[in-house]
Amino acid sequence: MKKYNFNAGPCILDRSVIEKTAQAILDFNGIGLSLAEISHRSKDFQPVIDEAEALVKELLDVPEGYSVLFLGGGASLEFCMIPYNFLKKKAAYLNTGVWAKKAMKEAKLFGEVVEVASSADANYTFIPKGWTVPEDADYLHITTNNTIYGTEIREDLDVPVRLIADMSSDIFSRPIDVAKYDAIYAGAQKNLSMAGVTIVIVKNDALGQVDRQIPTMLDYRTHVEKGSMFNTPPVVPIYTAMENLRWMKAQGGVKAMDKLARQRAEIVYGEIDRNKLFRGTVAEEDRSVMNICFVMNDEYKELEKDFLDFATSKGMVGVKGHRSVGGFRASCYNAQTIEGCQALVACMKEFEAQH
């Protein structure tokens, strides 16, 4: 039976990317050694990180004056590194979910944190509107996509201060105006690679503005100066990222990814809205095209486990919703196929017909 991977992360990668990574682990470029055992400073690996960096800049149209870094620690470490490097006295945060809240917690260790708006009281079922940013804030931090709750900011905001974004779960899914941001960071295990590497796109002249001493490993300038090679980088995830970036480019780049994302969302949300058993969990105007969350309508609540078991029996993997929301979640990252979404819809229709 064919499996359809809707896991929220680590998540689906195109099969060709997985196969090329597997081959490189067995024998990297025919050198008789595994990618997993070669030096990160070798002449064999340097072209990998160079190409991965170049592809990020090409696909996202990164302007001059920005560096692309490949770091360890996940987005969770960036929650700390961002305020360490950017927060002088006050930072503004938009609270749209668990990950935004975690980022705020870390920032409070370095200075005043202003929550410009929050949808916590409504269990993060919408993106707050009509808020303002204090003009004396050192930066505004946003989380563009919320994997747990299924909301997304799918535009580049205009704000009067530095803009910093956690794009862990929707980077490379649409064109972005990088020039509007001083830093963008993303854990790789959604749209870029396997878990183990974090991408950071940072504006060089925004660094070095704080007075505090920063530990060497937590100072972005360290990694800019050393080309992500200050310490041993995660070579296998970086290689997978390179192969996945190649794959994205071959598909037509981020414009093609954006089109595909919208098509997938239309298919799945269309069935959620039509099917009498289900309903979406967030405001329609804020629906994520990456993480599609839905639950059973109240009168069919007792069928939740039955549907999960049924979907699993039909090859749907990872559709159980996060405990904070319940119900179901279909994560539709870049490598998710139209076929996969259609298979999920067929599953929902068949279950409806049985009940």
Side-chain angles (χ1 to χ4, degrees), residues 7-11 13 17-18 21 24-25 28 34-42 44-57 60 62 66-87 98-99 102-103 105-107 109-110 141 143 147 164-172 181-204 206-207 213-245 333:
N7 278 317
C11 70
L13 289 167
V17 173
I18 296 171
T21 300
I25 289 175
F28 180 53
S34 168
L35 172 64
E37 62 185 353
I38 65 170
S39 169
H40 61 294
R41 300 190 188 279
S42 69
D44 298 296
F45 182 71
Q46 187 63 50
V48 172
I49 199 164
D50 288 345
E51 183 178 349
E53 178 183 339
L55 283 167
V56 169
K57 289 182 174 180
L60 294 181
V62 177
Y66 284 77
S67 293
V68 174
L69 308 176
F70 296 95
L71 306 178
S76 293
L77 183 58
E78 301 308 313
F79 297 162
C80 162
M81 287 183 71
I82 289 297
Y84 231 143
N85 285 265
F86 290 101
L87 203 166
V98 165
W99 304 113
K102 287 178 181 288
K105 178 184 177 182
E106 299 300 306
L109 300 173
F110 299 91
H141 178 284
T143 305
T147 54
I164 293 174
D166 174 0
M167 293 190 179
S168 290
S169 50
D170 65 350
I171 196 166
F172 297 109
Y181 301 85
D182 280 73
I184 295 167
Y185 64 93
Q189 64 274 16
K190 317 287 189 186
N191 271 337
L192 180 60
S193 183
M194 65 174 75
V197 67
T198 307
I199 184 176
V200 178
I201 303 169
V202 62
K203 190 174 184 179
N204 296 330
L207 300 175
Q213 286 190 308
I214 305 174
T216 305
M217 271 294 289
L218 300 181
D219 191 332
Y220 287 127
R221 292 172 296 181
T222 299
H223 304 289
V224 170
E225 291 166 6
K226 298 295 184 180
S228 301
M229 293 286 194
F230 175 74
N231 68 323
T232 307
V235 295
V236 176
I238 291 172
Y239 178 85
T240 303
M242 180 198 72
E243 288 290 1
N244 199 35
L245 289 161
Y333 300 117

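Both backbone and side-chain heavy atoms feed into the values below; hydrogens, waters and symmetry mates do not.
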> Is Glu51 close to Leu245 at the side-chain level, that is, under 4.5 Å between some pair of heavy atoms?
Replying inline: no
> Atom CE of Met167 and atom CG of Leu60: how far apart are they, to the nearest 0.5 Å?
Replying inline: 8.5 Å
> If you round to the nearest 0.5 Å, how far is CG of Leu218 from CG of Leu77?
Replying inline: 6.0 Å
> For residues 184-196, which residue pairs qualify under side chain to side chain donor-acceptor pair (under 3.5 Å), counting only residues two or more places apart or in two chains?
Replying inline: His141-Tyr185
Which donor-acceptor pairs under 3.5 Å do the side chains of residues 232-242 make with protein atoms, sequence neighbours left out?
from	atom 1	to	atom 2	distance (Å)
Tyr239	OH	Glu243	OE2	2.7
Thr240	OG1	Thr21	OG1	3.1
Thr240	OG1	Val236	O	3.1

> Do Leu13 and Tyr333 touch side chain to side chain, with heavy atoms closer than 4.5 Å?
Replying inline: no
> Between atom CD1 of Ile184 and atom CD1 of Ile199, what is the distance when rounded to the nearest 0.5 Å?
Replying inline: 9.0 Å
> Which atom pair, heavy atoms only, marks the closest approach of Trp99 to Thr143?
Replying inline: C-OG1, 4.4 Å
> Is a donor on one side and an acceptor on the other found under 3.5 Å between the side chain of Tyr66 and the backbone of Ala183?
Replying inline: no
>> Looking at every non-hydrogen atom in both residues, tell me the closest pair between Ile38 and Ser42 and how far apart they are.
In response: CD1-OG, 4.0 Å
Listed pairs under 3.5 Å, donor-acceptor, residues 223-231 side chains, sequence neighbours left out:
from	atom 1	to	atom 2	distance (Å)
His223	NE2	Met217	O	2.9
Ser228	OG	Phe70	N	2.9

> Considering residues at least two apart in sequence or located in another chain, which fulfil the salt bridge (charged side-chain N to carboxylate O under 4.0 Å, His left out) criterion with Glu106?
Replying inline: none
>> Test of understanding: with salt bridge (charged side-chain N to carboxylate O under 4.0 Å, His left out), list the residues that count as partners of Lys57, not counting sequence neighbours.
In response: Glu53
> What are the two closest heavy atoms between Ser67 and Asn204, and how far apart are they?
Replying inline: OG-OD1, 2.7 Å
>> Going by salt bridge (charged side-chain N to carboxylate O under 4.0 Å, His left out), name the residues that satisfy it together with Asp182, two or more places apart in sequence or in a different chain.
In response: Arg162
>> Quick check: closest heavy atoms across Thr198 and Ala75, and the distance to 0.1 Å?
In response: OG1-N, 3.9 Å
>> What I'd like to find out is whether the side chain of Tyr220 reaches to under 4.5 Å of the side chain of Tyr84, using heavy atoms alone.
In response: no
> Could you give the distance from OG1 (Thr216) to CZ (Arg221), rounded to the nearest 0.5 Å?
Replying inline: 10.0 Å
> Side-chain contact, heavy-atom cut-off 4.5 Å: Leu207 with Val202?
Replying inline: yes
> Would the number of heavy atoms belonging to other residues, nucleotides or ligands and lying under 6.0 Å from CD of Glu37 be above 12?
Replying inline: yes
> To the nearest 0.5 Å, what is the distance between NZ (Lys102) and SG (Cys80)?
Replying inline: 14.0 Å
> Minimum heavy-atom separation for Phe28 to Ser34, with atom names?
Replying inline: CB-C, 4.3 Å
